[in-house]
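Step one of this worksheet: look at the structure below.
So you know, we letter chains A, B, ... as the sequences are listed, proteins then strands, and number each from 1.
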Amino acid sequence: MRIVTWNINSLRLRMPLLAQLCQDTSPDIVCLQETKVPDSLFPLDAVRALGFDHVAFRGMKGYNGVAILSRQPVTVLEDAPDWCQRGDCRHIAIRHGTGAGAIDVHDFYVPAGGDIPDPVENPKFAHKLAFVEEARAWFSGRDMRRTVLVGDLNIAPLEHDVWSHRQLLKIVSHTPAETERLLAWQQTGFVDAMRHFVPATEKLYTWWSYRNRDWSRSNRGRRLDHVWVTPDLQPALRGMDVLRAARDWDKPSDHVPVMIDLDA
DNA sequence: ATGGTTGGTCCCCAA
């Protein structure tokens with residue numbers, strides 16, 4: 001099974017890029033974030049034309065929005081809370097398959113958190129910390145098996161998940177307040193599937209700011225997008241790829257897709 | 001220390 005996660009930064013604008021991605025990688029499941037499309041305007045026909053007959057989406061006007069596209073039938077899991085009671089379309093989860101072979105997939109878009117890394121001064125940062133804490137608490141109360149969690153978690157937890165650990169310690173996405181909380185969430189029962197393939201001592205990024213003249217040359221990236229799996233799926237991990245080339249596509253997202261292959 | 005770019009919506013917000 002091949003799963004791809006991507007913060008697409010407007011599904012309607014980048015439908016041709018999604019088609020390119022699917023042609024290049026033939027994923028079984030695609031998890032999208034920042035679809036920026038209300039459910040009534042979701043481009044369902046165009047997504048079906050790519051081979052995804054089973055689509056779960058949760059969107060709103062202008063911001064946020066997540067979607068899971070699947071070739072095989074899925075059921076939407078409805079037991080998660082409305083995170084921070086905001087109704088802001090940052091999570092959707094599905095079950096793929098049935099019985100002992102079923103796999104659950106959670107797709108998250110964690111709040112970016114604004115610019116000031118202080119929850120008192122900056123309500124967006126407070127929201128981000130509360131969101132991650134709430135997610136940690138919810139997952140810690142579950143007996144999880146055969147579960148994959150992906151998405152734009154908007155936090156780069158490890159030293160080599162950013163271009164300069166020292167220079168980003170006070171930059172939102174890499175502050176200790178965030179990285180500690182993210183790792184606590186991960187430790188409720190997940191393995192970092194990207195770092196299963198790439199040692200923590202190696203740089204690994206999935207996002208490069210639009211605000212750089214030459215993103216590739218300056219290479220000031222961060223690993224904001226993640227794939228976690230429960231330990232029972234770790235032996236099934238077969239491959240991982242960060243599709244860096246997508247950052248140079250026409251009218252690119254600032255995030256690139258991350259692909260994971262599971263023998264499951 | 002600062003400003004840099006993009007997308008969606010509606011004259012600015014979020015990233």
Side-chain angles (χ1 to χ4, degrees), chain A residues 5-21 31-43 46-47 57-67 83-84 86-91 107-119 121-132 150-157 161-164 166-175 177-179 182 205-226 243-258:
Chain A
T5 178
W6 191 22
N7 178 322
I8 195 170
N9 188 16
S10 174
L11 173 58
R12 286 175 292 176
L13 185 71
R14 287 187 234 288
M15 200 65 218
L17 301 193
L18 178 64
Q20 182 70 53
L21 172 68
C31 296
L32 300 172
Q33 305 88 36
E34 280 206 271
T35 54
K36 294 186 176 177
V37 58
D39 290 350
S40 59
L41 297 175
F42 191 91
V47 165
F57 47 88
R58 195 164 282 159
M60 60 194 285
K61 187 175 174 180
Y63 312 105
N64 308 334
V66 286
W83 308 99
C84 300
R86 294 191 182 223
D88 58 1
C89 306
R90 295 181 177 276
H91 171 238
D107 179 13
F108 273 97
Y109 174 54
V110 170
D115 289 329
I116 303 164
D118 178 343
E121 252 186 276
N122 173 10
K124 290 185 202 168
F125 193 71
H127 176 213
K128 182 179 197 175
L129 298 183
F131 189 103
V132 174
V150 306
D152 176 6
L153 306 186
N154 264 317
I155 298 172
D161 291 339
V162 293
W163 62 276
S164 169
R166 191 179 60 80
Q167 292 182 75
L168 289 177
L169 273 171
K170 290 180 178 170
I171 302 297
V172 171
S173 73
H174 194 60
T175 66
E178 296 164 88
T179 60
L182 189 75
Y205 313 139
T206 64
W207 173 89
W208 292 263
S209 173
Y210 284 126
R211 301 174 188 178
N212 255 315
R213 186 174 297 277
D214 185 337
W215 72 273
S216 182
R217 204 168 67 84
S218 60
N219 198 24
R220 296 186 166 189
R222 305 179 201 170
R223 185 169 70 115
L224 303 180
D225 303 275
H226 297 271
L243 300 166
R244 191 181 163 108
R247 190 61 180 75
D248 270 332
W249 287 347
D250 187 39
K251 298 272 271 173
S253 169
D254 46 354
H255 296 251
V256 299
V258 179

Worksheet item: Which part of the nucleic acid, if any, lies within contact of A/Arg222, taking any heavy atom under 4.0 Å across all strands shown: a base, the sugar-phosphate backbone alone, or nothing?
Response: nothing

Worksheet item: Which whole-number value in Å describes the distance from A/Asn9 CG to B/dA14 P?
Response: 15 Å

Worksheet item: How many Å lie between CG on A/Asp225 and P on B/dA15, as a whole number?
Response: 15 Å

Worksheet, complete the sentence: A/Arg12 has its side chain closest, among B/dT5, B/dT9, B/dA15, to B/dT9

Worksheet entry | Interatomic spacing from CG in A/Leu153 to NZ in A/Lys128 - rounded to 0.5 Å | 9.5 Å

Discussion item. Side chain of A/Lys36, heavy atoms from C-beta onward: which of B/dA15, B/dT9, B/dG7 has the nearest atom to it?
Written reply: B/dG7

Item to complete: Please state the P separation for the pair B/dT2 and B/dT6 - nearest whole angstrom.
Response: 23 Å

Worksheet item: Should A/Tyr109 and A/Asn154 count as side-chain neighbours, where that means a heavy-atom distance under 4.5 Å?
Response: yes

Worksheet item: What's the OH-C1' distance between A/Tyr210 and B/dA15, to the nearest Å?
Response: 9 Å

Fill in: Gap between atom CZ of A/Arg223 and atom OH of A/Tyr205 - 0.5 Å precision
11.5 Å

Discussion item. Rounded to whole Å, please give me the gap between CD1 in A/Ile8 and P in B/dA15.
Written reply: 18 Å

Worksheet entry | Whole-angstrom distance between B/dG3 and B/dA15, as gauged at atom C1' | 15 Å

Worksheet entry | Separation of B/dT5 P from A/Arg220 CZ (nearest whole Å) | 15 Å

Discussion item. Between C1' on B/dG7 and CH2 on A/Trp207, what's the gap in Å once rounded to a whole number?
Written reply: 15 Å

Worksheet item: What is the nucleic acid contact for A/Arg14, judged by heavy atoms within less than 4.0 Å: base, sugar-phosphate only, or nothing?
Response: sugar-phosphate

Worksheet item: Taking for each residue the nucleotide of DNA chain B with the nearest heavy atom, is it A/Pro38 or A/Asp254 whose nucleotide lies nearer the 5' end?
Response: A/Pro38

Fill in: Span that lies between the C1' atom of B/dG4 and that of B/dT9, in whole angstrom
22 Å

Fill in: Nucleotide nearest A/Lys61 when distance is taken to its side chain, options B/dG4, B/dA14, B/dT9
B/dT9

Discussion item. Run A/Asp88 and A/Trp83 through side chain to side chain donor-acceptor pair (under 3.5 Å) and show every step you take.
Written reply: CA-CA 8 Å; A/Asp88 58 1; A/Trp83 308 99; over 6 Å; no

Response to the item:
Separation of B/dG4 atom P from A/Ile171 atom CD1, nearest Å, is 17 Å

Worksheet item: In terms of the nearest nucleotide of DNA chain B, which residue is placed more toward the 5' end: A/Gly62 or A/Lys124?
Response: A/Gly62

Worksheet entry | Nearest-neighbour nucleotide for the A/Lys251 side chain, B/dG7, B/dC10, B/dG4 considered | B/dG7

Worksheet item: In terms of the angle between their ring planes, are A/His91 and A/Phe108 parallel, tilted or perpendicular, with boundaries placed at 30° and 60°?
Response: parallel

Item to complete: Looking only at side-chain atoms of A/Leu13, point me to the closest of B/dT9, B/dA15, B/dG7.
Response: B/dG7

Worksheet item: Between A/Asp115 (CG) and B/dG3 (C1'), how many Å, whole number?
Response: 12 Å

